[in-house]
Amino acid sequence: MAITEILLACLFSFTCTIGFGICFGIRKEELVWAGLAGVVTRIVLIICESLLFNRLFYTMVAALVGTLYAELVGMHKKVSIAKFLYPALVLLIPGDVLYEMIMAMIQLDQPAMMHHLVILAQALLGIALGSMIGPMLFRSYRREHRI
Amino acid sequence: MERKELNELMDFAVEFGARLMTSGGEIWRTDDLLHLIFHAYGIEEPDIFMLPHTLMISVQPKDQEPVMRHKTVGDILVNMEQLTQLNRLAWEIRDNHIPVSTLKEKLHAISIHPPYPRPMIICGMAIALLSLNYFIGGGVMGGVLVAIGIAIAMGTQMYMHEIFPVNHLLLCGISSFLAGSVIMIGYKTGLHSNPYLLMIINCIGLIPGIPLINACREMLNGRVLSGGLLFMTAFLETLAVACGFYLSLVIFGGVL
């Protein structure tokens with residue numbers, strides 16, 4: 001992947017996450033931090049996709065790094081981590097796969113449906129696992145600082 | 001704690017929990033914060049039962065009749081600002097032992113409205129999907145069609161419910177049908193050659209992605225019932241969205 005492509009991917013991840021951040025009701029002052037969450041997740045995803053070929057693993061690593069970013073920013077700004085966690089994870093959600101799976105279901109195309117179901121399960125499991133490990137590491141700190 | 005005070009606390013707790021859940025708070029978070037509030041007033045073991053649209057709290061004070069509250073929780077509309085303020089209020093209660101009589105006032109001081117007006121939220125989603133359009137390769141005209149489609153779909157979801165209340169799943173289907181129709185009209189008039197791709201991009205904006213992740217997290221945390229119900233809700237909503245797009249493909253001469 002060329003540098004220009006990576007930079008464009010980062011730029012569009014940033015704008016995409018800011019767009020979702022507005023929909024999630026994140027205040028103006030925190031939108032940039034939320035946008036950066038998307039950039040971090042996207043960069044990790046690009047790197048991991050080329051190193052790890054299993055969707056479960058590369059999604060999990062990207063979600064884990066996104067969650068750690070959300071934890072660190074949440075601690076720094078003393079706000080709930082959910083504010084940065086959702087924007088970090090939103091780019092990983094396999095909406096296209098879910099849609100294709102249901103379309104295959106509507107058209108009674110069972111092999112295609114099963115194929116997409118497996119990919120969907122891998123991606124969702126990866127995101128869920130990645131986003132659960134981060135908060136475990138910082139739980140006691142957050143309790144101490146009431147965030 | 002006196003009976004009157006306990007009743008006030010229960011009223012507050014059930015409203016607090018419902019608002020937290022409707023603003024996108026996960027079930028584990030709601031459970032955690034409600035325990036925090038009850039502990040602040042010396043109630044060590046409240047019984048809290050939660051499902052995606054139900055909240056039940058029961059407390060058994062010493063030598064008194066048990067007190068119970070139940071609330072039906074409305075549709076989830078992710079509002080991080082409200083969620084953060086509710087989170088902060090719970091910790092404030094825990095640290096400062098606020099008098100029970102002032103709790104409702106403090107809760108009502110937190111706005112239920114998102115920090116942005118509805119047109120701005122629609123613009124936000126359009127920006128997000130235009131950016132996704134770059135990743136998927138929909139092109140410039142594709143981006144325009146996606147933006148118009150999502151604006152119509154979200155506008156329908158936001159305003160139609162107030163003018164003419166309909167079933168939520170039906171509303172999902174109608175809005176995705178309208179978005180799909182915009183894309184199909186663009187395809188028929190030669191503005192774009194791949195309607196299927198544009199529908200996928202629009203679908204990403206309409207499916208309940210965050211509840212889907214929360215469903216998996218709940219199940220992995222051992223809350224299989226609430227996680228399963230969340231998953232089913234998300235699945236049905238996505239099915240309704242896909243059916244809407246499919247209908248537009250069939251009506252406008254289809255590519256399937």
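Quick note on labels: first sequence line is chain A, next is B, and so on, each numbered from 1.
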A/L91, A/I106, A/I127: which one forms the most heavy-atom pairs within less than 4.5 Å of chain B?
A/I106
Engaged part of A/L92 at the chain B interface, taking heavy atoms whose separation is under 4.5 Å
neither
Any idea how B/Y196 and A/Y99 line up, ring-wise: parallel (<30°), tilted (30 to 60°), or perpendicular (>60°)?
tilted
Would a 4.5 Å heavy-atom cut-off, applied to side chains only, mark B/M80 and A/F84 as touching?
no
Less than 4.5 Å apart, any side-chain heavy atom of B/Y246 and any of A/Q107?
yes
Please state whether the side chain, the backbone, both or neither of A/A123 comes within less than 4.5 Å of a heavy atom of chain B.
neither
Side chain, backbone, both or neither of A/I93 within contact of chain B (heavy atoms, under 4.5 Å)
side chain
Side-chain contact test, heavy atoms from C-beta onward, threshold under 4.5 Å: evaluate it for A/M103 versus B/L249 and give yes or no.
yes
Is there a side-chain contact between B/I210 and A/F24 in this structure, where contact means two heavy atoms from C-beta onward sitting under 4.5 Å apart?
yes
Would you mind checking which part of A/S13 comes under 4.5 Å of any heavy atom in chain B, side chain (CB onward), backbone (N, CA, C, O), both or neither?
both
Is there side-chain contact between A/K83 and B/L83, with heavy atoms separated by less than 4.5 Å?
no
Side chains of B/M120 and A/I22 in contact at under 4.5 Å (non-hydrogen atoms)
yes
Could you tell me if A/R27 sits above the aromatic ring of B/Y116, with its cationic atom closer than 6.0 Å to the ring centre and no more than 45 degrees from the axis?
no
Under 4.5 Å from any heavy atom of chain B, what part of A/L11 do you find: side chain, backbone, both or neither?
neither
Side chain, backbone, both or neither: which part of B/C243 has a heavy atom under 4.5 Å from chain A?
both
